[in-house]
K.L.:
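Quick one: the structure is below, questions incoming.
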Amino acid sequence: MASVLVVNSGSSSFKYQLIDADSEERLASGLVERIGESTGHATHDTPDGHWERSLEIPDHAAGFAAMLDAFKQHGPSLDEHPPVAVGHRVVHGGARFFEPTLVTPLVLINIEDLSDLAPLHNPANVQGIKAAQKAFPDLPHVAVFDTAFHQTIAPDAYTYAIDADLAKRLRIRRYGFHGTSNKYVSGATEDFVQRPVTELNQIVLHLGNGASITAIDGGRSVDTSMGLTPLEGLVMGTRSGDIDPAVLIYLQRKTRISTDDLDDLLNQRSGLFGLSGRKDMRDVISAADKGDESARLALEVYLHRIKHYIGAYSFELGRVDVIVFTAGVGENSAVIRARSLAGLEQYGIEVDPERNDQRGGGIRVISTDASRVTVLVVPTDEELEIARQTLSVVG
Ligand code: ADP
């Protein structure tokens with residue numbers, strides 16, 4: 001039975017999944033980490049068990065050798081489930097890549113060239129692709145971009161009002177991220193509300209460590225909260241989201257903070273963490289429940305920003321049919337879901353407290369039967385979406 005290997009590569013680790021091309025069943029998944037450190041670590045999971053191993057993994061190529069070894073030792077057999085292609089998650093596709101793309105030497109050069117826009121991610125993605133090409137030299141490799149889904153956004157929504165020549169020269173505009181997740185969850189609602197996605201206006205809240213909100217009109221992204229980088233928009237675990245850019249100028253004048261420290265401040269030491277000293281939403285909620293004032297304020301700022309965007313995107317869309325919650329916080333936190341949509345009854349948004357509190361996997365409705373807008377929890381599955389898009393390229 002044919003399969004697809006999905007790879008998500010970072011600078012010192014990569015995750016993989018082997019997915020059956022027909023049934024979409026997950027045949028295996030794994031994580032190879034601490035690449036380049038003195039001792040690396042590899043885990044491999046199949047429906048039959050979980051394996052771990054510590055070994056020297058000097059580079060990504062050695063990582064793929066460890067992965068192939070795990071398949072050999074613990075299965076499933078790659079001869080019985082031959083991969084027909086390898087699908088790679090690539091973070092930044094700039095304005096060049098608007099669909100899944102077969103990797104050629106020129107495509108690799110273009111992904112590398114976009115590294116200025118995603119210095120932590122694109123070089124690592126390229127490293128992963130090159131190593132995977134060595135491990136599977138006869139297979140087609142397909143790049144699936146996190147930004148691609150948002151390439152339908154129109155210039156009025158993606159343009160920053162700054163010097164136009166400068167912006168053009170440096171490719172400064174809003175690109176948006178979480179596109180693969182958005183594509184998956186907005187497509188998955190179709191069966192559930194029994195209307196084609198082309199007829200649905202949706203707002204998707206992807207609330208994980210990174211968080212974004214997207215307005216989707218008939219399956220096409222029309223606006224999204226992340227921008228040139230994943231720093232813009234909602235309050236996140238450690239990222240500030242929206243901020244008056246003059247704050248950065250003020251900080252630089254007042255404290256002479258370096259560019260790297262500013263980057264670190266906004267990406268690693270802000271958001272829930274900056275406000276409350278905690279980046280994990282579970283910790284913030286439990287501290288707030290115990291009366292911690294900073295955690296309470298962090299939650300309120302987080303929720304205020306969400307509501308601000310739901311309002312903006314409702315007006316941009318003109319009509320909202322579906323609101324989707326997804327990712328770690330969106331799938332698991334009934335409190336955040338309820339509070340995000342509290343008080344919006346006059347706009348046709350009514351969450352049913354009992355449905356919202358029920359735990360469980362799979363897609364579920366949490367709005368009342370009377371609610372004009374259907375509110376859904378949809379577990380995201382970026383790997384499956386990458387596998388599907390990879391197959392759409394290789395046929
Ligand atoms: P990433 O963006 O790293 O992929 P995830 O989508 O896995 O992140 O989301 C991680 C976030 O989900 C963490 O902040 C975690 O606290 C939060 N989360 C997971 N389970 C719960 C829960 N039951 N209640 C609230 N937050 C949760």
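Model, not experiment: these values are computed from the prediction. Side chains included, hydrogens not; waters and symmetry mates left out as well; all remaining heavy atoms used. All ligand and atom numbering here is 1-based and tracks the order in the structure.
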K.L.:
Taking atom types as modelled, is there a side-chain donor on Ser212 or His206 under 3.5 Å from an acceptor on the other?
P.N.:
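Not at all, the side chains of Ser212 and His206 share no donor-acceptor pair under 3.5 Å.
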K.L.:
For atom 23 (N) of ligand 1, grab the closest protein heavy atom and report residue, atom and distance to one decimal in Å.
P.N.:
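Of the protein heavy atoms, Asn332 CB, 3.3 Å lies nearest.
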K.L.:
Is there a ring-ring contact (aromatic ring centres under 6.0 Å, His included) between Phe136 and Phe64? Walk through the geometry before answering.
P.N.:
CA-CA 9 Å; Phe136 299 95; Phe64 278 95; 7.1 Å; no
K.L.:
In the complex you have, is atom 12 (O) of ligand 1 within reach of the protein, judged by whether a heavy-atom distance drops under 4.0 Å?
P.N.:
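Answer yes: something from the protein, a heavy atom, is under 4.0 Å.
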K.L.:
Counting only heavy atoms not in Tyr347, do more than 12 sit closer than 6.0 Å to its OH atom?
P.N.:
no
K.L.:
Looking only at distance, does Met281 have an N or O less than 3.5 Å from an N or O of ligand 1?
P.N.:
yes
K.L.:
With a 4.5 Å heavy-atom cut-off, do Phe145 and Gln151 have their side chains touching?
P.N.:
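In short, these two side chains do not touch, never coming nearer than 4.5 Å.
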K.L.:
Using residues 328-339 as the side-chain source, report each donor-acceptor pair under 3.5 Å to any protein atom, sequence neighbours left out, with the distance given to one decimal.
P.N.:
unit_1, atom_1, unit_2, atom_2, d
Glu331, OE2, Thr326, OG1, 3.2
Glu331, OE2, Ala327, N, 2.9
Glu331, OE2, Thr380, N, 2.9
Asn332, ND2, Gly328, O, 2.8
Ser333, OG, Ile336, N, 3.2
Arg337, NE, Asn356, OD1, 2.7
Arg337, NH1, Gly330, O, 2.9
Arg337, NH1, Glu331, O, 3.2
Arg337, NH2, Asn356, O, 2.9
Arg337, NH2, Asn356, OD1, 3.1

K.L.:
Who's the nearest protein heavy-atom neighbour of atom 5 (P) of ligand 1, and how far?
P.N.:
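Heavy-atom neighbour on the protein nearest atom 5 (P) of ligand 1: Gly328 N, 3.7 Å.
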K.L.:
What I want to know is whether Asn209 and ligand 1 share at least one N or O pair that is separated by under 3.5 angstrom.
P.N.:
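It does: an N or O of Asn209 is found under 3.5 Å from an N or O of ligand 1.
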K.L.:
Show me the side-chain donor-acceptor pairs of residues 310-319 shorter than 3.5 Å, one per line, residues at least two apart or across chains.
P.N.:
unit_1, atom_1, unit_2, atom_2, d
Tyr313, OH, Thr224, N, 3.4
Tyr313, OH, Thr224, O, 3.3
Tyr313, OH, Ser225, N, 3.2
Ser314, OG, Ile310, O, 2.7
Arg319, NE, Asp321, OD1, 2.9
Arg319, NE, Asp321, OD2, 3.3
Arg319, NH2, Glu199, O, 3.2
Arg319, NH2, Asp321, OD2, 2.7

K.L.:
Going by the closest heavy atom to atom 24 (N) of ligand 1, which one wins out of Arg282, Arg337, Glu331?
P.N.:
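Nearest heavy atom to atom 24 (N) of ligand 1 lies in Arg282.
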K.L.:
Regarding ligand 1, does Ser333 bring an N or O atom to under 3.5 Å of one of the ligand's N or O atoms?
P.N.:
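Looking only at distances, the answer is no, because the N/O contact criterion of under 3.5 Å is not met.
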K.L.:
Mark up the atoms of ligand 1 that fall under 4.0 Å of a heavy atom belonging to Val329, in ascending order.
P.N.:
11 (C), 12 (O), 17 (C)
K.L.:
Are any of the N/O atoms in Ala327 less than 3.5 Å from those in ligand 1?
P.N.:
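Among all N and O atoms of Ala327, none is under 3.5 Å from an N or O of ligand 1.
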K.L.:
Pairs of nitrogen or oxygen atoms closer than 3.5 Å, one from Gly208 and one from ligand 1: do any exist?
P.N.:
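No, Gly208 has no N/O under 3.5 Å of an N/O on ligand 1.
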K.L.:
What residue and atom, counting heavy atoms only, is the protein's closest point to atom 15 (C) of ligand 1, and at what distance?
P.N.:
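For atom 15 (C) of ligand 1, the nearest protein heavy atom is Asp280 OD1, 3.5 Å.
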K.L.:
So for atom CD, which belongs to Gln346, do other residues, nucleotides or ligands contribute more than 12 heavy atoms lying within a distance under 6.0 Å?
P.N.:
yes
K.L.:
When you measure from the centre of the six-membered ring of Tyr175, is the NZ or CZ of Arg173 under 6.0 Å away and within 45° of the axis?
P.N.:
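Judged by the rule (NZ or CZ under 6.0 Å from the ring centre, within 45° of its axis), Arg173 counts as positioned above Tyr175.
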K.L.:
Would Gly210 count as a contact residue for ligand 1, given that I'm defining contact as a non-hydrogen atom of the residue lying under 4.0 Å from a ligand atom?
P.N.:
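True for this residue.
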